[in-house]
Amino acid sequence: MEESVVADFVGRVHTSGLGSDEPVSGRVLLSQRRLVLATDGAKTTVPLSKVFDIVVGTVPGDLQSFFSDSVTVAYERNGNRCTALVEGKADDMERFTRVLFKALLRGVTVTVRHPAKLGGRVTDASDHTASISLSRGAIGFTDCPDPFTVELSSVIDYERTNRTIAGEKRPALVFRHVPDTQTVTSIATVPDKRILNVLGRYIKLEYDEVMEDVEAFDPTEEQLEILVSIYSAGGEANIADVVTGDVTQTEMVLDTLRDENLVVDGDSGAALTRKGQMIVTSYMESVNS
């Protein structure tokens with residue numbers, strides 16, 4: 001496999017080998033095979049084949065006061081689990097995050113079923129092998145009969161599970177996304193848990209930020225009833241299909257949902273936004289749990 005530098009910048013770094021509790025200035029170099037963090041008098045080399053997790057923006061408690069825009073790389077060394085933290089300018093970190101995930105998922109083949117569901121309806125889609133292709137804000141599944149791309153901003157839910165393929169149980173990621181107004185469920189079965197962790201982290205890059213808004217919103221009973229009605233109608237519905245009582249009152253509630261960016265006006269009526277879809281999904285999961 002070729003190896004060339006795909007990211008090279010100066011930032012602040014912290015590794016267990018530094019012998020310091022505080023981050024220090026260092027040079028960050030990334031190739032398709034390894035991550036190198038070089039500081040005065042020390043160098044940490046992380047083979048990408050040993051990386052099992054990537055966390056963007058969340059820093060361990062004892063280092064929170066030192067880092068803001070950061071990436072934590074978790075990897076194995078001599079049977080031990082280690083971490084390396086990197087922080088830099090916003091532009092450097094945006095590119096570093098993107099090319100790091102690209103390098104980690106380069107050449108990975110998965111088994112996909114898409115769409116596994118349309119709304120709540122199970123489809124007759126078959127399983128196909130596919131290659132992963134990453135681009136800014138999106139993940140593509142290519143080299144399969146029906147290639148498709150998922151915008152990270154459309155992901156509303158995901159879960160880790162196991163699926164049996166050719167008699168062998170393998171880790172899988174089930175994720176729901178809303179390319180238009182209808183929820184689509186896709187399933188990607190991966191070779192091992194390491195790939196599952198990395199792929200899951202990439203798919204949810206933009207998920208956590210929206211989820212914070214979802215958890216902060218406390219819908220009224222009327223608001224929730226209308227959101228569920230629109231969701232049950234496929235994500236978009238005419239007002240006549242969501243009236244829960246007085247038409248004027250329903251319109252007033254819809255206005256509050258528009259103000260909260262939970263509902264927008266679609267071609268056929270009121271349509272759920274991504275945030276609206278996530279609220280309904282969270283509610284239905286809590287009811288069924």
Side-chain angles (χ1 to χ4, degrees), residues 1-106 108 132 134-139 152-153 155 193-213 215-216:
M1 182 185 294
E2 65 181 78
E3 183 173 15
S4 58
V5 175
V6 293
D8 182 354
F9 62 95
V10 175
R12 295 197 306 156
V13 302
H14 184 275
T15 67
S16 56
L18 282 179
S20 171
D21 292 333
E22 298 186 10
V24 299
S25 178
R27 187 178 179 186
V28 181
L29 298 102
L30 176 68
S31 72
Q32 288 94 346
R33 290 185 179 181
R34 69 200 83 215
L35 169 66
V36 178
L37 307 178
T39 64
D40 290 340
K43 182 174 76 170
T44 298
T45 299
V46 180
L48 297 190
S49 61
K50 298 297 183 181
V51 173
F52 63 85
D53 203 2
I54 300 291
V55 180
V56 179
T58 301
V59 181
D62 55 344
L63 292 170
Q64 285 181 357
S65 60
F66 301 115
F67 288 89
S68 53
D69 292 332
S70 65
V71 172
T72 303
V73 179
Y75 61 100
E76 292 186 358
R77 169 172 289 166
N78 300 325
N80 297 316
R81 293 192 167 194
C82 307
T83 58
L85 277 76
V86 177
E87 181 190 56
K89 296 179 180 178
D91 289 346
D92 288 336
M93 294 307 296
E94 190 277 335
R95 172 172 169 74
F96 174 67
T97 300
R98 182 160 40 89
V99 296
L100 176 59
F101 275 108
K102 266 192 172 183
L104 288 168
L105 295 173
R106 188 184 190 205
V108 170
I132 291 176
L134 304 188
S135 57
R136 188 187 297 270
I139 179 169
L152 301 185
S153 61
V155 176
K193 289 185 177 180
R194 188 181 76 86
I195 297 300
L196 180 71
N197 282 341
V198 176
L199 180 60
R201 290 293 190 185
Y202 186 78
I203 286 179
K204 70 187 284 280
L205 269 181
E206 299 185 25
Y207 173 85
D208 286 343
E209 184 176 343
V210 178
M211 198 61 195
E212 289 181 6
D213 290 339
E215 292 174 346

Is it the case that the side chain of [X] and the backbone of [Y] share a donor-acceptor pair, with hydrogens and angles ignored and the cut-off at 3.5 Å?
{"X": "Asn197", "Y": "Phe52", "value": "yes"}
{"X": "Glu206", "Y": "Gly137", "value": "no"}
{"X": "Arg95", "Y": "Val6", "value": "yes"}
{"X": "Tyr202", "Y": "Ala138", "value": "yes"}

Verdict with supporting geometry, Val155 and Lys204, side chain to side chain contact (heavy atoms under 4.5 Å, CB included): CA-CA 7 Å; Val155 176; Lys204 70 187 284 280; 6.0 Å; no
Centroid-centroid distance, Phe96 to Phe9, less than 6.0 Å: yes
Tell me, do [X] and [Y] make a side-chain contact under 4.5 Å, heavy atoms counted?
{"X": "Ile139", "Y": "Leu199", "value": "yes"}
{"X": "Thr83", "Y": "Val73", "value": "no"}
{"X": "His14", "Y": "Glu22", "value": "no"}
{"X": "Arg194", "Y": "Leu196", "value": "no"}
{"X": "Val51", "Y": "Leu104", "value": "yes"}
{"X": "Arg34", "Y": "Thr45", "value": "yes"}
{"X": "Thr39", "Y": "Val13", "value": "yes"}
{"X": "Leu134", "Y": "Arg98", "value": "no"}

Rounded distance [0.5 Å steps], [atom1] in [X] versus [atom2] in [Y]:
{"X": "Tyr75", "Y": "Leu48", "atom1": "OH", "atom2": "CG", "value": "12.0 Å"}
{"X": "Ser4", "Y": "Gln32", "atom1": "OG", "atom2": "CD", "value": "4.0 Å"}
{"X": "Lys43", "Y": "Leu29", "atom1": "NZ", "atom2": "CG", "value": "9.5 Å"}
{"X": "Thr72", "Y": "Glu87", "atom1": "OG1", "atom2": "CD", "value": "10.5 Å"}
{"X": "Arg81", "Y": "Glu76", "atom1": "CZ", "atom2": "CD", "value": "6.0 Å"}
{"X": "Leu100", "Y": "Met93", "atom1": "CG", "atom2": "CE", "value": "9.0 Å"}

Residue Arg77 excluded, over 12 heavy atoms near CZ under 6.0 Å: yes
Neighbour count >12 (heavy atoms, 6.0 Å) for atom NZ, Lys50: no
Side chain to side chain contact (heavy atoms under 4.5 Å, CB included) assessment of Val28 paired with Leu35: CA-CA 7 Å; Val28 181; Leu35 169 66; 3.9 Å; yes
Side chains of Thr15 and Thr44, donor plus acceptor under 3.5 Å: yes
Within 45° cone of Phe101 ring axis and under 6.0 Å: Arg201 NZ or CZ: no
Closest heavy-atom pair and its distance - Ser31, Ala103: O-CB, 4.1 Å
Side chain to side chain contact (heavy atoms under 4.5 Å, CB included) between Lys89 and Asp92, worked out: CA-CA 5 Å; Lys89 296 179 180 178; Asp92 288 336; 3.9 Å; yes
Pair Leu85-Val71, side chain to side chain contact (heavy atoms under 4.5 Å, CB included): steps then yes or no: CA-CA 6 Å; Leu85 277 76; Val71 172; over 6 Å; no
